Protein chains: 2
Amino acid sequence: MSNQQLKGHLEALILATLEIRPAYGYSILESLRTSSAGVFDLPEGTIYPALHRLEDAGLVKSTHEMVDGRQRRVYHLVAAGYGSLEKSRKSWQEFSAAVTNILAVNPA
Amino acid sequence: MSNQQLKGHLEALILATLEIRPAYGYSILESLRTSSAGVFDLPEGTIYPALHRLEDAGLVKSTHEMVDGRQRRVYHLVAAGYGSLEKSRKSWQEFSAAVTNILAVNPA
DNA sequence: TGCTCATACCTAGTAATACTAGGTATGACA
DNA sequence: TGTCATACCTAGTATTACTAGGTATGAGCA
């Protein structure tokens with residue numbers, strides 16, 4: 001995947017991942033890698049600042065929990081996060097339809 | 001359209017626009033606005049630096065031409081530009097399929 | 001025990017790029 | 001003459017994914 005494609009879309013992907021179930025940072029990376037068949041293989045330096053932004057924005061909340069006998073910082077969606085996710089879905093549909101249309105091979 | 005969605009996709013959209021026919025900066029903005037049904041309504045400050053980047057990268061070439069009796073800087077694709085556009089199309093398909101899949105409403 | 005490794009979290013700084021806010025110039029038209 | 005849309009441009013800004021570093025833990029092994 002090229003450099004800048006993800007910009008503006010990562011937070012929606014994280015919210016969608018957390019909608020399925022609460023998760024901690026490292027496991028979100030694994031979820032994204034698996035569910036994208038390897039397209040999104042993100043370094044850790046990407047996920048933690050993004051999670052902090054989401055928490056600052058009031059879209060997710062984190063709690064310290066024991067998972068498999070170890071302390072993890074688990075993030076879960078709050079109401080505003082669900083709302084934001086719905087907006088992102090609509091926005092993505094509009095955006096991706098427009099790009100797909102323009103990139104379609106033009107009639108020669 | 002939100003702030004950062006376009007990042008990493010604009011150059012492909014410009015190349016695709018120029019594939020149809022050579023065009024000058026201002027007219028590319030109009031093409032994108034029309035062909036996206038208003039989704040891409042970009043300010044001028046977006047297009048000229050992008051065109052200069054594309055020319056620096058050797059993907060397009062510009063010539064000064066008279067269009068409707070006026071001097072215009074007309075950009076057209078060169079060979080490397082066609083190649084880059086094809087790569088961008090493949091990359092977009094992969095990227096958009098992955099995002100669409102992850103954003104799909106999860107089974108409740 | 002000591003060593004390595006995967007896991008897990010974090011941050012300061014960097015790079016890339018769309019955008020803002022300003023500028024200039026032209027021709028059409030009232 | 002004045003205004004407007006068109007047309008091109010650039011310096012600086014904001015955003016955000018990433019790089020490159022750090023720390024800590026538990027499992028497995030020699």
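From a predicted model like this one, the values you see are computed outputs, not experimental measurements. Protein chains get the first letters and strands the later ones, always in sequence-line order, with residue 1 at the start of each.
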Practice prompt. Tell me what A:Gln71 touches on the nucleic acid: a base, only sugar-phosphate, or nothing, going by heavy atoms under 4.0 Å.
Written response: nothing
Fill in: Distance, rounded to the nearest Å, where B:Gln5 contributes CD and C:dT17 contributes P
17 Å
Worksheet item: When the distance from CG of B:Leu10 to P of C:dC19 is rounded to whole Å, what number comes out?
Response: 7 Å
Worksheet item: Rounded to whole angstroms, how far apart are CD on A:Glu44 and P on C:dT7?
Response: 10 Å
Response to the item:
B:Leu51 atom CG is separated from C:dA18 atom C1', nearest whole Å, by 13 Å
Discussion item. Starting the side chain at C-beta, find the nucleotide from C:dC19, D:dA17, C:dT11 nearest to A:Leu6.
Written reply: D:dA17
Worksheet item: Under a 4.5 Å cut-off applied to non-hydrogen side-chain atoms, are A:Trp92 and B:Ser96 in contact?
Response: yes
Fill in: Contact check, side chains of A:Leu42 and A:Leu10, non-hydrogen atoms, under 4.5 Å
yes
Practice prompt. Please name the residue in the list B:Val78, B:Leu77, B:Ile14 that meets the side chain to side chain contact (heavy atoms under 4.5 Å, CB included) test with B:Val60.
Written response: B:Leu77
Worksheet item: Which atoms form the tightest heavy-atom contact between B:His64 and B:Gln71, and what is the distance?
Response: CB-OE1, 3.5 Å
Practice prompt. Write down the distance between CG (A:Leu29) and C1' (C:dC9), rounded to a whole number of angstrom.
Written response: 11 Å
Worksheet item: Rounded to the nearest Å, what distance is computed from the NZ atom of residue B:Lys7 to the P atom of nucleotide D:dA14?
Response: 12 Å
Worksheet item: Looking for any heavy atom pair under 4.0 Å, which part of the strands does B:Gly25 touch: base, sugar-phosphate only, or nothing?
Response: sugar-phosphate
Practice prompt. Would you mind classifying the nucleic acid contact of A:Arg53 as base, sugar-phosphate or nothing, using non-hydrogen atoms under 4.0 angstrom?
Written response: sugar-phosphate
Discussion item. Would you say B:Tyr48 places a side-chain N or O within less than 4.0 Å of OP1 or OP2 belonging to D:dC8?
Written reply: yes
Response to the item:
Comparing B:Thr46 with B:Tyr24, nearest DNA chain D nucleotide closer to 5' gives the residue B:Tyr24
Worksheet item: In Å, rounded to the nearest 0.5 Å, how long is the span from CG of B:Leu51 to CG of B:Leu59?
Response: 11.5 Å
Worksheet entry | Distance test, side-chain N/O of A:His52 to OP1/OP2 of C:dT11, below 4.0 Å | yes
Worksheet item: Quick one: on DNA chain D, does B:Arg70 or B:Arg73 contact a more 5' nucleotide (nearest heavy atom)?
Response: B:Arg70
Practice prompt. Report the distance from atom CG of A:Asp68 to atom P of C:dA6, rounded to the nearest whole Å.
Written response: 19 Å
Fill in: Contact under 4.0 Å: A:Arg72 side-chain N or O vs C:dA8 OP1/OP2
yes
Worksheet item: Base, sugar-phosphate, or nothing: which does B:Ile47 touch, judged by heavy atoms less than 4.0 Å apart?
Response: nothing
Worksheet item: B:Tyr26 has an atom OH; how far is it from atom P of C:dA25, in whole Å?
Response: 18 Å
